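Note that the structure is a prediction, hence the values are computed from the model and not measured. All residue numbers in this chain count up from 1 along the given sequence. Quick note: numbers below take in every heavy atom, side chains included, and nothing from hydrogens, waters or symmetry partners.
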Amino acid sequence: MRLFPLLLWVAGIAGAHAQAAVVPVATTAVAQPLTSVPGDALRGRAIVADRQRGLCLLCHTGPIQEERFQGNLAPDLAGAGTRWTVAQLRARLVDPAAFNPESIMPSYSRVEGLNRVAAAWSGVPVLSPQQVEDVVAWLATLRD
C-alpha cells in the first residue's frame with residue numbers, strides 16, 4: 001500500500017526578526033487512488049450503510065432510505081459528488097482532522113498519531129484502502 005502524505009510543510013515568517021517557521025498545511029485532495037483496483041460504488045454504499053463497519057450514518061444523513069435513525073451531526077451525504085471531487089472525498093476519508101482538527105469523524109485510513117484507540121484496533125485502519133476507494137466511488141455518484 002502506498003501512503004500519501006496529507007500535510008505539506010511550508011515556511012512562514014514569525015516575529016519581528018523574520019525567523020522561518022515550519023507550519024503544517026492540510027492538502028485539500030489525495031489525487032492518487034489508494035489501490036490499483038477502482039472503487040466499487042455498490043460496495044461503498046454497503047459500507048456506508050453498515051452500522052458495524054463504516055458507522056457513517058451514526059453522524060451523517062445519506063440517501064439510503066431503508067436505513068432508519070440517521071445522524072444529524074455531520075453534513076448530509078446527498079450531493080457529496082457535486083460538492084467535492086473524488087480526490088477531495090478521498091482526502092476527507094483518509095484524514096478528516098486535516099480539514100478540521102476538532103472533527104469527531106475517525107480517520108478511516110491513518111493509524112498513527114491517534115488518541116484513545118482500543119488495543120485491538122491499535123495500528124489497524126478502520127477501513128482497508130480498497131474499502132476507502134469503494135466509499136469514495138459511491139460518494140462520487142451522489143450528485144443531487
Side-chain angles (χ1 to χ4, degrees), residues 1-14 19-144:
M1 173 180 87
R2 298 186 311 188
L3 298 176
F4 301 96
L6 291 178
L7 295 177
L8 298 175
W9 294 96
V10 296
I13 305 297
Q19 297 173 340
V22 178
V23 292
V25 177
T27 63
T28 58
V30 177
Q32 296 297 317
L34 303 180
T35 66
S36 60
V37 178
D40 179 280
L42 289 177
R43 285 194 312 248
R45 183 185 189 280
I47 292 167
V48 170
D50 189 329
R51 295 185 187 262
Q52 301 299 312
R53 241 181 328 171
L55 294 171
C56 305
L57 299 180
L58 181 64
C59 296
H60 294 275
T61 297
I64 304 178
Q65 293 75 21
E66 68 274 14
E67 290 297 324
R68 297 178 57 200
F69 309 115
Q70 297 186 20
N72 61 4
L73 297 173
D76 189 337
L77 299 177
T82 301
R83 291 191 304 272
W84 298 294
T85 67
V86 167
Q88 291 168 330
L89 290 166
R90 184 178 298 113
R92 288 178 180 278
L93 287 170
V94 169
D95 191 9
F99 295 90
N100 176 4
E102 300 299 317
S103 176
I104 61 171
M105 182 170 162
S107 168
Y108 284 93
S109 183
R110 187 168 58 94
V111 295
E112 296 173 355
L114 304 175
N115 296 310
R116 299 171 58 184
V117 177
W121 287 97
S122 182
V124 179
V126 175
L127 297 177
S128 72
Q130 187 60 55
Q131 290 171 321
V132 169
E133 290 301 317
D134 293 343
V135 171
V136 168
W138 181 68
L139 292 172
T141 68
L142 303 180
R143 306 304 244 164
D144 297 328

Review point. Arg45 and Ile64: side chain to side chain contact (heavy atoms under 4.5 Å, CB included), yes or no, with the steps?
Key: CA-CA 8 Å; Arg45 183 185 189 280; Ile64 304 178; 3.5 Å; yes

Exercise for review: Give the intermediate values and the outcome of side chain to side chain contact (heavy atoms under 4.5 Å, CB included) for residues Val94 and Leu34.
Suggested key: CA-CA 10 Å; Val94 169; Leu34 303 180; 4.0 Å; yes

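Atoms OG and CD, from Ser109 and Gln131 in turn, are 11.0 Å apart once rounded to the nearest 0.5 Å. Remark: Ile104 CD1 to Cys59 SG distance equals 4.5 Å, nearest 0.5 Å. Ile47 CD1 to Leu42 CG: the interatomic distance, rounded to the nearest 0.5 Å, is 11.0 Å. Taking CD from Glu133 and CG from Leu127, the interatomic distance works out to 11.0 Å, rounded to the nearest 0.5 Å. A distance of 11.0 Å separates CG in Leu55 from NE2 in His60, rounded to the nearest 0.5 Å.
Looking at every heavy atom in both residues, Ser107 comes nearest to Val126 through O-CG2, 3.8 Å. Scanning all heavy atoms of the two residues, the minimum distance from Leu57 to Ala49 falls at CD1-CA, 4.0 Å. Pairing each heavy atom of Pro125 with each of Gly123, the nearest pair is CD-O, 3.9 Å. Between Val132 and Leu93 the shortest heavy-atom distance is O-CD1, 4.0 Å. Heavy-atom minimum distance, Asp95 versus Phe99: O-CD1, 4.0 Å.
Annotation: salt bridge (charged side-chain N to carboxylate O under 4.0 Å, His left out) contacts involving residues 79-89, sequence neighbours excluded, are absent.
Although no hydrogens or angles enter the test, the distance criterion places a donor-acceptor pair under 3.5 Å between the side chain of Gln70 and the main chain of Gly62. Tyr108 places no side-chain N or O within donor-acceptor distance of the main-chain N or O of Pro96, the cut-off being under 3.5 Å. The backbone N or O of Val30 lies less than 3.5 Å from a partner atom in the side chain of Arg90, making a donor-acceptor pair. Panel note: side chain Asp40, backbone Asp134; no donor-acceptor pair is recorded below 3.5 Å.
For Gln52, the CD atom counts as loosely surrounded, since its 6.0 Å shell holds 12 or fewer non-hydrogen atoms of other residues, nucleotides or ligands.
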